[in-house]
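Working notes, structure below.
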Amino acid sequence: MTEDTNFAQLSPRLSLGDAEPDRNLALELVRVTEAAAIASSPWVGLGDKNAADGSAVDAMRSLLSTVNFNGVVVIGEGEKDEAPMLFNGEHVGNGGGGPEVDVAVDPIDGTRLTALGINNALSVLAVAERGSMFDPSAVFYMDKLVTGPEAADLVDLRLPTKQNLHLIAKAKNKPISQVTVCVLDRPRHQGLIEEIRAAGARTKIILDGDVAGAIAATREDTGVDALMGVGGTPEGIVTACAIRALGGVIQGRLWPQDDEEKQRAIDAGHDLDRVLTTTDLVTSDNCYFAATGITDGDLLRGVRYKDNTIRTQSIVMRSKSGTIRFVDGEHQARKWEPYTR
């Protein structure tokens, strides 16, 4: 196991609120994302993203039942009727009287990446104090701007792209030609990509997996200075938990796909012109983020097999202490059985 920032602040007993779990919550969460990553790994490159996701969901749900907290899934796989497991509103945890928490899950951030064997697929989990995660009310996308601590207080999603890029360049003391922006490869982003390049900056186009892209935008030495564009609202909330520990900022504005979704958002009381900040998406300053690599990527190595062992690499963060921990895991290999539901 390797370590990163503020390891000394990570006590043997971590807690949310007043109730302390008996075991290290951070490492319990890593066990959950490890299980999901390992379960999905046999499907890497086989072209069946639904089977990969199903395996990851089942494994994550099983391990969540052992964690010492009383959790409610706020950001899950969908509504109960559409998602047999890990649906929004589902209660998770071992029921042992641990802390009351909100839970955001993404068993695979990058199902297509997993199916195609492409880099940057992750299994992701975030936990925060109960009632602190933003409820997007079934608005599945948001326009996002993510950057690191240097420019966090300068950028504004309402500003023109060119102006934000120059603010980032100035804050990082580099020419605009050395600023790199991560953008999802979607037709809707063609105009944004042209604006970024016209401003003199570079683009890093990714197929999927904007959680990894957003985290890269906040960390040093990743070669990414910002993430821009429309991506999943659930991924934005998960990312906010990580940014609480990393520093930097995520700004988002809800982006309904059609009039029906727009009306649902208005009926739920959302202001569609409002720019949501990191602290709007997760109001608690005591939250956890865990991720395990499924395929190799900029943030983590993917699942690897050697002899009778499975090797994983994970990251876990706690915002209250600013602790960031990298965990290299080695697990006994078991016979793989195809996913069925």
Side-chain angles (χ1 to χ4, degrees), residues 49 53 72-83 86-90 102-112 124 126 128 131-147 155-161 163-164 181-196 203 205-214 217 226-243 249-283:
K49 67 179 184 179
D53 192 46
V72 174
V73 177
V74 175
I75 303 296
E77 290 289 280
E79 300 300 325
K80 182 174 181 179
D81 292 341
E82 299 174 4
L86 291 173
F87 54 84
N88 297 348
E90 181 174 354
D102 285 347
V103 179
V105 300
D106 199 347
I108 302 180
D109 180 40
T111 53
R112 181 166 59 149
V124 176
S132 62
M133 287 186 183
F134 178 73
D135 180 0
S137 303
V139 180
F140 298 107
Y141 290 91
M142 63 165 51
D143 191 14
K144 303 175 191 175
L145 168 59
V146 180
T147 192
V155 296
D156 191 321
L157 189 59
R158 294 164 292 195
L159 294 176
T161 299
Q163 188 172 347
N164 276 320
V181 184
C182 192
V183 183
L184 280 169
D185 184 14
R186 300 291 185 272
R188 62 178 177 262
H189 289 150
Q190 188 56 47
L192 172 63
I193 291 169
E194 291 173 0
E195 288 180 37
I196 292 168
T203 56
I205 308 300
I206 58 174
L207 288 181
D208 291 294
D210 68 346
V211 172
L227 176 138
M228 293 182 174
V230 175
T233 302
E235 288 83 354
I237 296 166
V238 169
T239 297
C241 290
I243 290 177
V249 68
I250 176 171
Q251 296 180 7
R253 186 164 44 202
L254 294 177
W255 194 80
Q257 300 173 80
D258 51 39
D259 290 340
E260 182 180 347
E261 194 173 309
K262 180 178 180 180
Q263 190 57 52
R264 284 202 304 269
I266 293 171
D267 292 344
H270 291 305
D271 179 356
L272 297 179
D273 294 322
R274 180 186 177 192
V275 174
L276 300 160
T277 65
T278 311
T279 53
D280 293 320
L281 296 173
V282 183
T283 59

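Given the structure is predicted, the values throughout are model-derived calculations rather than measurements.
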Sidechain-backbone polar pair: D102 side chain, S132 backbone, donor-acceptor under 3.5 Å: yes
Is a side-chain donor or acceptor of E90 paired with a backbone partner of F87 at a separation under 3.5 angstrom? yes
Spacing of R253 atom CZ and D273 atom CG [to the nearest 0.5 Å]: 7.0 Å
Side chains of D259 and Q263 only: does a donor on one sit below 3.5 Å from an acceptor on the other? no
Just by modelled atom types, is the T111 backbone N or O under 3.5 Å from a matching donor or acceptor in the D53 side chain? no
Here the pair of heavy atoms bringing T239 nearest to A214 is CG2-CB, 3.5 Å
For D280, all residues meeting salt bridge (charged side-chain N to carboxylate O under 4.0 Å, His left out), sequence neighbours excluded: R274
Taking the side chain as C-beta and beyond, is there a heavy-atom pair between P234 and D106 under 4.5 Å? no
Just jot down the side-chain contact (heavy atoms from CB on, under 4.5 Å) partners of N164, sequence neighbours excluded, or say none. L145, V155, L159, L167, M228
Atom pair CZ (F140) and CD (E235), whose distance is rounded to the nearest 0.5 Å: 11.5 Å
If every non-hydrogen atom of G236 is compared with every non-hydrogen atom of I250, which pair is closest and at what distance? O-CD1, 3.6 Å
What is the minimum heavy-atom distance between T233 and P136, and which atoms define it? CG2-CB, 3.4 Å
Can you confirm whether more than 12 heavy atoms, excluding those of R158, are under 6.0 Å from its CZ atom? no
Residues which pass side chain to side chain donor-acceptor pair (under 3.5 Å) with R186, listed by chain and number, not counting sequence neighbours: D208
Can R264 and V139 be said to form a side-chain contact (heavy atoms from CB on, under 4.5 Å), step by step? CA-CA 8 Å; R264 284 202 304 269; V139 180; 6.0 Å; no
So, Q251 side chain and L157 main chain: donor-acceptor pair closer than 3.5 Å or not? yes
Minimal non-hydrogen separation, G231 against D210, with atom names: CA-OD2, 3.7 Å
Closest approach of V282 to A128 (non-hydrogen atoms, all atoms of both residues): CG1-CB, 4.0 Å
With sequence neighbours left out, the residues meeting ring pair (Phe, Tyr, Trp, His ring centres under 6.0 Å) with H270 are F134
All salt bridge (charged side-chain N to carboxylate O under 4.0 Å, His left out) counterparts of D185, not counting sequence neighbours: none
Which pair of non-hydrogen atoms, one from N88 and one from I75, has the smallest distance, and what is that distance? OD1-C, 3.7 Å
What pairs with D258 under side-chain contact (heavy atoms from CB on, under 4.5 Å), at least two apart in sequence or on another chain? E260, E261
Quick one: CE on M142 to CG on L276, what's the gap to the nearest 0.5 Å? 5.5 Å
